[in-house]
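So the structure is just underneath, and the comments pick up after that.
All values reported here derive from a predicted model rather than from experimental measurement. In what follows, every chain begins at residue 1, and chains take the letters A, B, ... in the order their sequences are listed.
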Amino acid sequence: MKAKLSALVLAAAEKAHTEGQLPATPSADILVEEPKSESHGDYATNFALVSAKQQKMAPRKIAEILQSHIGDGGGAIRKTEIAGPGFLNFFLQTAAWYPTLARIHAEDHAYGASGVGKGERVQIEFVSSNPTGPLHVGHGRGAAVGDATANIMAFCGFDVQREYYINDSGRQIHTLGRSVYLRLLASTGKSVDFPEECYQGEYIRDLAAQVLAQEGEHLLDQPEADAILTCARFAARAIIAGIRRDLERFGVHFDCWFSEQGLYDEGKVDRSLADLERQGKIYRRDGAKWFRTSDYGDEKDRVVVRSNGQTTYFASDIAYHQDKYARGFQRVIDVWGADHHGYIPRMTAAVEACGQRRDQFQVILVQLVNLLRGGEPVAMSTRAGEFETLTDVIDEVGSDAARFIFLTRHYESPLDFDLELAKQKTNDNPVYYVQYVHARIASMVRRAADNGFTRVGWDAALATHLVAPEEIRLIKLMGRYPEVVEKSALSMEPHRITFFLMELAAAFHAYYNRHRVLGDDPDLSRARLLLVTAIQMVIRNGLTLLGVSAPDRM
RNA sequence: GCGCCUGUAGCUCAGUUGGAUAGAGCAACGGACUUCUAAUCCGUAGGUCGCAGGUUCGAAUCCUGCCAGGCGUGCCA
C-alpha cells in the first residue's frame, strides 16, 4: 500500500511538471509514511516539504498542486487533505485494507518473508564461549540475539550460516587441564595447593571423577605434563558436549562447530602469518612479531607472535577470519560481549589488511546482563565458581521466557534479568502476554469448530463485514509486519520484532474485550474468525523468528 | 588521558533512521469476570527527551562542546 502511494505521488508530481505547474523534475525518493496520529490519515507524504527548496515554491502550494493530480488511487483513497506546514494526508477506503488480510491468509507461514537479502552469503558467529566452563546467562543473551538475527536474516533472503568457534587451544585450555588434574590428585587423598588462577567451580571435581573413571588409575602414574594434557582434552570435549546440550535446550543449533586447534593442525595460522610477513604487513621488534594494524585505523600495532615464540589469540583470529572469507562468505558477523569492544579496531584492521572491505565484517556487541533475584544482584564470577548457569536459568524460568526477555531490549543496552520477574505469569512478563494471544485464538478456533463453524478459508465477500475501527486498525498494524521484519534484518536488531509483537498483542487483547468474535451473526463470526486467525499467523511467525514457541493452550 | 556504549515519566524501556500534540509496561489511583481463556481490558495521573550551542521549513533523532554512569585501553584470553 505504501509503495503504491509512493508511485501515485511520483506520478502526480511528474504530471504536474509536464503541465508546467512544477518547475523542477521531481526526484524519485518520495517518502510516504504512517503518521503517529490517526487524525493525520492512514498515510502521509512530506513530498511538498522536502522539495520546496528544489521547486522554489511554498510547501502548501506544492501540496495543493499534488493533491489536484492524485485522483482516488483506483478507488482506494477516500479523501486527501493538506495539513500542517505542507503534509499531504491520505485517508483510505475501508475496503482498501482487505487485500492485506487476504495476503496474510495466502502467505500464512511465509507472511513477512522477503528477498531483500538477495542470497548474500552471510556467516553469523556467536556464543563461542571458551570451553572452560558451562554457559552462563550472559552467553544466553548472545545466543538469543545471534540465533534470532540469523532466523530473521534467513527469512529475508540471506543465505545464513551459524557458527560456533571453539577456543580449544592455548593457555586457558592448559589451565583447565591443570585444574582437573589437581582436583584429581586431591581426590586420591594427596594434599595439593589449588591456585587461584585455576577454575574453582564444582564441575571441575565432576570432570576429575569422570576422567579417572575413563582413563583409570594409570593416569596418575604418567608424567604430570602428559596427565594434564589428557585431562585438558577430556575436559574440553566434555564441556563442549555440555554447552551443545544447553544450547539445544535453548533452541539454538549451529551449522558448524569450528576448532581453533584445527587451524593450527592444518598449518593455517603459520601460512597466514607467513603471507602477511611476505607482504610486509608483519615486522619484528623486541623479539616479537607485530602486525601493522595501525595502517588500517587501529591505534597501534599488535603482537601476533610473542618473544617467547608463542602465537597470540589475535594470530589465530586472523587466520580464522581469513578462512571464513575463503569459505565464500561475503559478510561475516561476530556477536561479542561488550567487554571485547576494544578488540574491534584491530580485527577490522586485520580483515581489511587481508583484502576484504571494512563493511564485510560486522560486530554485534551485546551488552552485559545483570542477573537479579527479586531485585537483588546475583553474584557471577566464573573463577569463584558461583555463577548462574544458563541451564539453571532455563530450569527456573523456561527457554521461552528467557529468550523473549533477552530480546526485549536493544542489544546495545545493558539488561537487568530478574529471575523472579521472569517466572511470574503475570502481565509483568511480556512473553506470556504475547503467547496468550496465540492460545486465546487457538481456543476460539476450537470453540468455533464445536459450534459448527468449520475453519473458513479466505473469502473476500465475508471480509466486508469487518468495519469496526479496531478491526481496521488491526489489519493496518499487521500490514506493517513485513516492513518490521525487513528493517529488523537489515539493521540486525531482533528487538524490533519483539516490540511489534507486544503492540499487536495489546491491540488484539483490546479488541477481544470489546468485540465478540463468535456471536449470533454467522457471517460476522466467520469474518471475525478470518481476522483473528490472521493475527494468530502473524504472532506465530514473529515468535518463531525469535525462537519462542506459540502454544495452543496456556 | 584516549576510545566505545548509554543518558527519554518515580522504575524498566520503545521511538517507524529528520516529521505534525514524544509513546508502552510496571508502580499509584478508580473501574470491568453469570462472558469466545481476567496470564485480559477500560480510565486517571505522570515529561526542561542529561546540559549548552549549531545545522533547517521541522531535532529525542544529525554536528560541536561539556556533565554523569558503564566498559575497554597487555608480548592476557
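- By the 30° and 60° cut-offs, the orientation of the rings of A/Tyr343 relative to A/Trp336 is perpendicular.
- Taking the side chain of A/Leu368 as heavy atoms from C-beta on, and the options B/C71, B/C41, B/U16, the nearest nucleotide is B/C71.
- By the 5.5 angstrom centroid cut-off and the 30-degree plane limit, A/His509 is classified as not stacked against the base of B/A39.
- For residues 47-67 of chain A, the side-chain hydrogen bond (donor to acceptor under 3.5 Å, both in side chains) pairs, not counting sequence neighbours, are A/Gln67-A/Thr80.
- A sub-4.0 Å separation between OP1 or OP2 of B/A14 and a side-chain N or O of A/Ser413 is present.
- Going from the C1' atom of B/C26 to that of B/A9 covers 12 Å, rounded to whole Å.
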Symbol by symbol from the 5' end, with Watson-Crick or G-U pairs under 3.5 Å, [ ] crossing and | another strand, RNA chain B is (((((((..((((.....[...)))).(((((.......))))).....(((((..]....))))))))))))....
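- A/Gln310 comes within contact range of no nucleotide atom at all, as no heavy-atom separation falls under 4.0 Å.
- For a distance-only test at 3.5 Å, the side chain of A/Asn89 qualifies as a donor-acceptor partner of the base of B/A20.
- Between A/Tyr199 atom OH and B/A77 atom C1' the separation is 8 Å, expressed in whole Å.
- Within the 4.0 Å cut-off from OP1 or OP2 of B/U40, not a single side-chain nitrogen or oxygen of A/Tyr511 is found.
- Between B/G74 and B/U61, the two P atoms lie 34 Å apart (nearest whole Å).
- Ring stacking is absent between A/His410 and B/A14, as the pair misses the limits of under 5.5 Å between centres and under 30 degrees between planes.
- A close approach under 4.0 Å does not occur between any side-chain nitrogen or oxygen of A/Lys36 and OP1 or OP2 of B/A22.
- In this structure A/Arg358 satisfies the salt bridge (charged side-chain N to carboxylate O under 4.0 Å, His left out) test together with A/Glu352, sequence neighbours excluded.
- Aromatic ring orientation, A/Trp97 versus A/Tyr43: parallel (interplanar angle below 30°, classes split at 30° and 60°).
- One atom, NE2 of A/His438, and another, P of B/U40, lie 18 Å apart when rounded to the nearest Å.
- As judged by a 4.0 angstrom heavy-atom cut-off over every strand, A/Asn130 is placed among residues touching the sugar-phosphate backbone only.
- Using a 4.5 Å heavy-atom cutoff, the side chains of A/Phe500 and A/Leu477 are in contact.
- Stacking between A/Phe87 and B/G19 is absent: the ring centroid is not both under 5.5 Å from the six-membered base ring centre and under 30° in plane angle.
- One finds no side-chain N or O of A/Lys53 lying less than 4.0 angstrom from the OP1 or OP2 phosphate oxygen of B/U56.
- B/A22 and B/A60 have their C1' atoms separated by 8 Å, given to the nearest Å.
- Neither OP1 nor OP2 of B/U35 sits under 4.0 Å from any side-chain N or O of A/His515.
- When the side-chain nitrogen and oxygen atoms of A/Arg306 are compared with OP1 and OP2 of B/C76, one or more of them lie within a distance under 4.0 Å.
- Distances shown here put a side-chain N or O of A/Tyr433 below 4.0 Å from the OP1 or OP2 atom of B/C41.
- Close to B/C13, at under 4.0 Å from its OP1 or OP2, lies a side-chain N or O of A/Arg409.
- Taking only side-chain atoms of A/Pro35, from C-beta outward, the nucleotide of B/A20, B/U73, B/G15 with the closest atom is B/A20.
- Taking atom C1' in both B/C51 and B/C13, one finds a spacing of 23 Å when rounded to whole Å.
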